[in-house]
Every structure is written in structure tokens, then in C-alpha cells.
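See structure below.
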Amino acid sequence: MTPTITAFERSPDGGSGLARDTRVRWALEEVGQPYEVRGVSFSALKQPAHLALHPFGQIPTYEEGDLALFETGSIVFHIAERHAGLLPPNTEDGTNARARAITWMFAAVNTVEPPILEFANARLLESDKPWSAERMPLVEDRVRDRLRQLSAHFLARRSLGEGGGDADWLDGHFSAGDLMMVHVLQRLKPSGILAEFPDLAAYVARGEARPAYKRAFAAQLAANTGKK
Ligand code: GTB
């Protein structure tokens with residue numbers, strides 16, 4: 001059954017891929033699952049029909065037969081559980097690596113994304129407040145702390161020669177954990193903070209170079225601009 005996801009009818013980012021439907025599109029592209037998209041207007045997000053799918057009135061959602069999901073972490077996990085390609089197999093050999101990949105999915109949304117969102121909100125919604133200039137360095141440093149820690153993880157993997165010599169990804173092979181982490185980090189690109197960490201900027205670029213990401217990006221751009 002072809003799943004249907006929701007996305008902004010017109011994303012405020014104009015199709016730069018930052019809205020969260022992009023991570024769901026990317027996951028579906030990685031596993032080769034075709035999907036349909038229903039565009040939702042800002043007013044429709046808060047109407048009963050959409051609230052029945054998403055109690056917080058947001059995008060994306062995911063519908064497949066009787067199943068309706070919200071929250072990108074859960075949606076990407078669902079896709080990864082049902083298709084090969086985003087999580088190591090649940091076999092004796094793969095089960096620990098699978099648990100670690102799932103841990104990285106949680107780390108992306110639960111540990112790395114919150115200070116990034118705080119920073120994005122401070123820039124977009126609070127820059128006109130009288131206390132904004134004083135607060136901003138504190139908010140930026142919370143982001144830098146997380147990036148430093150993530151960068152140290154990659155450095156440690158490299159120096160230990162882990163992952164069968166592949167330290168390009170969080171735990172050896174590309175997984176749903178990387179997909180979530182790359183999309184979370186992308187939100188920092190316009191600010192210049194990501195560029196302060198060249199290894200993490202290169203990690204994000206590796207994600208963006210994946211053919212599945214390119215297809216997902218092109219699809220959301222086309223939906224927002226009519227261009228391919
Ligand atoms: N935790 C949820 C998840 O991961 O699924 C968060 C979902 C979420 O924040 N959805 C946003 C939304 O629906 C769109 S992606 N907002 C409308 C509302 O809450 O009323 C967030 C987003 C929006 C715009 C940009 N941008 O313009 O750059 C980037 C990201």
C-alpha cells in the first residue's frame with residue numbers, strides 16, 4: 001500500500017528542505033518506497049480533520065492503510081523497521097548495531113535538535129526583543145557544546161579506526177540515525193555555525209550527496225516552487 005504523507009502546501013523555507021517532511025521523504029527514498037504527498041495549508045493544520053491525524057497540528061504525518069502516525073522520529077523508525085536499508089538487521093550479528101542506530105535516532109531528536117531549535121527560534125522569532133542580543137551568545141554556545149561533542153565522537157571513531165575503517169557515519173554504516181542527525185544539523189547551515197565544525201559540515205554534505213536525499217530534496221522543491 002502506498003503511504004501518504006503530509007507537507008506544507010507552501011513551506012516557509014521556500015523549498016530549501018528544512019521542513020520536516022524532507023526527512024520522511026528521504027527515508028522513503030532510501031528504502032525505495034513510493035509515496036504520495038498531501039499539501040496542507042497553515043489554517044488546515046489546526047482544523048479537526050488534520051488534528052485527528054496530528055494532535056499538535058503539525059506536518060508531517062504518515063498514513064498507510066489503517067495506520068496514521070505523526071512525529072518524524074516515529075515515522076522514520078516505522079519505515080526503517082518495515083524495509084531494509086536504514087537499520088542493521090535484527091539478527092544475532094546485527095542486533096547491537098541496530099540498537100545503536102536507534103539510539104542515534106533518539107540522540108538526534110532528543111539531544112541535538114532541542115538547542116538547535118532554541119537557536120532557530122531565537123533568531124527567527126525573538127531577535128526584536130530587548131534581551132535578544134544579551135541572550136544570543138548563550139543560546140549559540142549551547143549549540144556549539146553539542147557540536148563539539150558530536151565532532152569528538154567522529155574524531156574518536158577515526159582515531160580508533162572503528163566501523164571497519166568507515167568513520168563517515170555515526171556508527172560505521174549509514175543508518176536512520178545518520179538520516180535524522182544530518183537533517184537536524186542542516187537547520188544550522190544558514191547561521192554559519194555548522195561551518196565552524198568542518199568535519200560536521202562534511203558529514204552533512206555526505207548525507208546530501210546521497211541519491212535518495214537528492215530525490216527527496218528535488219521532490220519537496222518541486223512541490224514548493226514548481227521547479228525540478
Ligand atoms: N517533533 C515534530 C516532528 O519531528 O515531527 C515537529 C514537527 C514540526 O515542527 N512541524 C512543523 C510544523 O508543522 C514544520 S517543520 N509547524 C507548524 C505549526 O507548528 O503550526 C519545522 C520547520 C518549519 C519551517 C522551517 N523553515 O521555514 O525553515 C523549518 C522547519
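One-based numbering, in listed order, for ligands and for the atoms of each. Throughout, residue positions are numbered sequentially from 1 according to the sequence presented.
- By the 4.0 Å N-to-carboxylate-O rule, Arg23 lies close enough to Glu113 to be salt-bridged with it.
- Which parts of ligand 1 touch Lys46 is read off a 4.0 Å heavy-atom cut-off, strictly below it: atoms 18 (C), 19 (O), 20 (O).
- Residue-level proximity to ligand 1 for Phe56 is absent, since no heavy atom of it falls below 4.0 angstrom.
- Annotation for ligand 1: atoms under 4.0 Å from non-hydrogen atoms of Asp13 are 26 (N), 27 (O), 28 (O).
- Among protein heavy atoms, the minimum distance from atom 24 (C) of ligand 1 is reached at Pro12 CG, 3.9 Å.
- Checked by atom type and distance alone, the side chain of Glu81 never pairs as donor or acceptor with a backbone atom of His78 at under 3.5 Å.
- Atom 16 (N) of ligand 1 has its closest protein heavy atom at Phe8 CZ, 3.8 Å.
- In summary, the side chains of Gln186 and Glu208 do present a donor paired with an acceptor at a separation below 3.5 Å, with no hydrogens or angles considered.
- Ionic pairing of Asp93 and Arg98 is not present here: no N-O contact between side-chain nitrogen and carboxylate oxygen is shorter than 4.0 angstrom.
- Distances from ligand 1 to the non-hydrogen atoms of Phe70 include no value under 4.0 Å.
- Remark: among candidates Ile59, Thr22, Val24, the nearest residue to atom 11 (C) of ligand 1 is Ile59, based on non-hydrogen atoms.
- The shortest N or O to N or O distance between Arg20 and ligand 1 is below 3.5 Å.
- Between Arg25 and Glu29, no side-chain nitrogen of the basic residue sits less than 4.0 Å from a carboxylate oxygen of the acidic one, so the salt-bridge criterion is not met.
- Between the side chains of Asn224 and Ser11, no donor-acceptor pair is found at a separation under 3.5 Å.
- Every atom of ligand 1 with a heavy atom of Arg187 under 4.0 Å away is listed here by number and element: 29 (C), 30 (C).
- For atom 19 (O) of ligand 1, the closest heavy atom belonging to the protein is Gln58 NE2, 3.1 Å.
- Classification of Glu118 and Arg135 as a salt-bridged pair holds, one side-chain N sitting under 4.0 Å from a carboxylate O.
- Between Tyr62 and Tyr35, the closest side-chain pair of non-hydrogen atoms is not below 4.5 Å.
- Closest to atom 17 (C) of ligand 1 by heavy atom, among Thr72, Ile75, Leu45, Leu124, is Leu45.
- Atom 2 (C) of ligand 1 has as its closest protein heavy atom Glu71 OE1, 3.3 Å.
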